[in-house]
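Working notes, structure below.
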Amino acid sequence: MDNTQPVIEVRNLVRRYGRTDAVNGLNLRVAPGRCYGLFGRNGAGKTTTIKCLLNLLRPTSGEARVFGLDPTRDDVAIKSRIAYVPDAVSFYPWMSVDDTLSYFASFRTRWNRELEASLVSQFRLDRRQKAMQLSKGQRTQLALVAAICPEPELLVLDEPTSGLDPIVRREFIQTVIGAYQDGDPSRRTVLVSTHLISEFEGLIDEFTIIDNGREVLTLEADVAHEKYGKNLEDIFISTLSPAGAGA
Amino acid sequence: MRATILHTEARAQLGMLVMSLIALAAAAMLPWKDASGLTLIVSAYGMIFLGAQSVGHEYSHRTLTMALAQPVSRARIYIVKLAVLVVMLVILAGATALALGSELRGRPAELGLTFLGLPVIGAIFVAPLMTMIARGVLGGALMSCFAGGLVWLVLMIEAAWRLGGNIDDAGSNALRNLPFAIIALSAVTGLLGWRRFMRLEALEGDFGAISFPRLLGTSNQRRHSPWRALIVKELHLQQLTLGITLQYLVTWAVLSWVIIAVPAWSSFPLSVVTVVYCMILPVIVGATASAEERHAGTHGWQLLQPVAAWQQWLVKVLVVIVLSGVCGLGLPMLLATLLQDKTAFELGSRLATACLFLTCAALYVSTISTSTVKTMVLALPIGLGLGLLLQTVARTLGPGMFSSASDLLRFGWIAAVMSPAFVAIVTPLLLWFGFVNHSSTEQPVARAIGQGAAIAVVASAALITV
């Protein structure tokens with residue numbers, strides 16, 4: 001892929017549910033090799049945007065491109081280069097942890113078994129346990145293992161740290177995502193949607209704050225720190241608080 | 001990759017096939033004078049549910065997002081789903097043919113093909129589309145059945161207009177045309193189903209949840225009485241019931257119009273439709289009540305609300321019984337008044353007893369299940385199994401031993417559930433066990449087996465007593 005070509009490009013994206021505009025004219029551009037934060041309050045339109053990128057929802061209007069491809073036409077080509085961890089993780093009730101990982105591995109041409117073993121042991125997951133009997137946090141961990149082992153070019157994480165305990169959360173953010181990107185820094189991109197911004201401080205290269213389905217602020221993290229002299233969470237709060245014009 | 005999807009699909013649909021086969025076996029074993037008709041109905045019911053399960057299990061297990069996010073074409077996923085479905089349907093159709101045996105051999109081949117083949121076609125081409133529209137197995141299966149019923153109705157009306165003959169002529173004519181109509185419907189729904197799956201959005205949750213008017217639903221007032229809140233919650237859980245009631249109303253209105261408009265059709269057995277509805281609706285009301293909460297994941301925190309568990313259960317039971325009585329009995333009787341349908345009136349008190357029993361029995365099954373679909377699927381073999389047990393007891397004791405035994409041998413378990421004394425003995429036990437199950441977030445198998453044994457003993461004893 002051409003390094004100047006954005007991994008994700010969204011232009012004037014609109015998605016309506018009935019009369020409600022979940023996403024309303026959103027623009028987004030994510031360059032390769034970056035860790036990009038999509039910040040917003042609950043119901044801001046983060047999950048809807050991600051689902052439009054993955055062809056899990058059809059945009060009402062506007063354009064979404066992933067690796068320069070149209071998700072509605074080239075969904076398999078796109079999905080073989082990405083991995084996704086949804087906000088609500090569910091697995092087939094009859095599958096164990098091991099079965100679940102084998103199941104996901106069977107869709108991939110590439111699967112790092114060593115990484116799998118290391119992450120399963122790091123997260124202390126019991127391979128024989130039924131996946132749906134795991135706690136919410138453990139299910140998220142399992143979904144993360146399944147997402148990282150194929151070593152995708154783009155890792156899309158939707159509220160990945162909700163339900164994780166603080167130790168695992170730190171381990172996950174610093175070790176797992178950090179190590180994932182370090183594996184091939186110029187090629188591996190992360191799009192993370194969250195409202196727990198402080199967790200990702202230091203990892204995010206660039207971010208967009210969205211509210212009511214619209215882009216409110218897009219900045220490089222370093223530029224934001226310099227410009228506002230605040231951490232990302234404070235910038236987020238002051239941007240979205242009623243008196244927060246100009247952060 | 002294909003093998004993985006194949007294996008997953010087979011595993012996802014296997015449970016439904018096994019339950020259908022058990023129900024089929026129970027139906028075939030019932031020493032009933034019209035067991036073959038019941039076997040065919042059970043088989044068609046199983047087939048349609050299998051068709052709905054092929055896509056619907058992704059909604060039930062909440063795995064649709066994960067499934068669609070995998071790097072494999074949707075066309076391939078859908079083809080594998082349908083291929084596995086075809087195999088399951090062939091097994092079920094084969095088992096049905098085996099169960100019917102000589103019954104089937106004695107009838108024209110077209111008739112066998114019609115009653116076995118059409119549900120297969122409907123399951124493959126109609127049920128998946130309906131399931132994607134309804135976003136759930138139960139809604140999909142019921143919509144498919146409704147579509148089939150509607151086709152039959154349209155054919156009957158068309159035959160009546162065209163031939164101007166009596167109901168029997170119209171019936172035979174409609175039966176002749178039914179395969180063509182179902183094939184035409186399947187061609188259209190098959191294409192639409194394919195198109196819909198290719199464009200399927202990862203939306204979960206039931207389609208078009210009904211918003212109650214302010215009088216019942218949310219209002220600007222911040223706090224309501226907990227009783228009111230519980231009643232409104234219970235009514236919201238019963239949206240499927242309201243949908244089916246509406247379907248019944250439409251069917252009844254069309255049929256009544258035909259009966260009035262075509263004098264030769266005045267003998268049309270509308271009461272049969274009413275009785276079938278009166279038996280099905282209470283099962284759906286009961287089946288939805290507890291299982292739907294577990295399925296929605298709200299059961300645990302609902303129990304944690306500062307209202308005693310028994311009070312919550314009491315509200316549930318009352319709402320379920322009242323709703324079942326109003327929609328499943330009151331409404332049909334009211335409509336029967338309009339047409340002066342004497343048969344429905346004569347059956348009224350017996351139907352009331354049956355309605356109460358079926359509601360409570362389905363409510364009990366609902367408490368040992370994690371979704372309405374599982375309840376409906378479980379209710380069939382459990383109900384038929386109980387019927388078989390009761391008939392075996394009646395046969396063993398002989399018709400002279402007690403008054404209801406001869407009725408039971410003639411009319412099967414329906415006679416038992418229409419007996420007020422029987423219902424008065426068994427229903428409290430069902431409700432008590434239901435309360436025990438509903439008050440716990442766990443569902444141990446051993447407890448359910450113990451309860452099943454206790455119910456079987458009490459039901460047999462009740463049969464002897466009455």
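From a predicted model like this one, the values you see are computed outputs, not experimental measurements. Just so we're on the same page: letters track the sequence lines, and every chain starts at 1.
Among B/H61, B/R11, B/M66, the residue with the largest count of heavy-atom pairs under 4.5 Å with chain A is B/R11.
Closest of all the heavy-atom pairs between A/F107 and B/P71 is O-CG, 3.5 Å. Between B/R74 and A/D75, the shortest heavy-atom contact is NE-OD2, 3.8 Å. The minimum heavy-atom distance linking B/T63 with A/S90 is given by the pair CG2-O, 3.9 Å. Taking every heavy atom of both residues into account, B/M198 and A/R58 meet most closely at O-NH2, 3.6 Å. When all heavy atoms are compared, the tightest approach of A/L56 to B/L68 is CD2-CB, 3.5 Å.
Looking at A/D99, neither its backbone nor its side chain comes within 4.5 Å of chain B, counting heavy atoms on both sides. If you measure heavy-atom distances from B/T8 to chain A, the contacts under 4.5 Å come from both the backbone and the side chain. The part of A/Y17 that comes within reach of chain B is its side chain, from C-beta onward, which places non-hydrogen atoms under 4.5 angstrom from that chain.
A 6.0 Å sphere centred on CZ of A/R169 holds more than 12 heavy atoms belonging to other residues, nucleotides or ligands. Residue A/D21 qualifies as enclosed at atom CG: its count of foreign heavy atoms under 6.0 Å is above 12.
Rounded to the nearest 0.5 angstrom, B/T65 OG1 and A/I50 CD1 are separated by 12.0 Å. Rounded to the nearest 0.5 angstrom, A/Y103 OH and B/Q70 CD are separated by 6.0 Å. Remark: B/L200 CG to A/L57 CG distance equals 10.0 Å, nearest 0.5 Å.
Side-chain atoms of A/K79 do not come within 3.5 Å of backbone N or O of B/V72 as any donor-acceptor pair.
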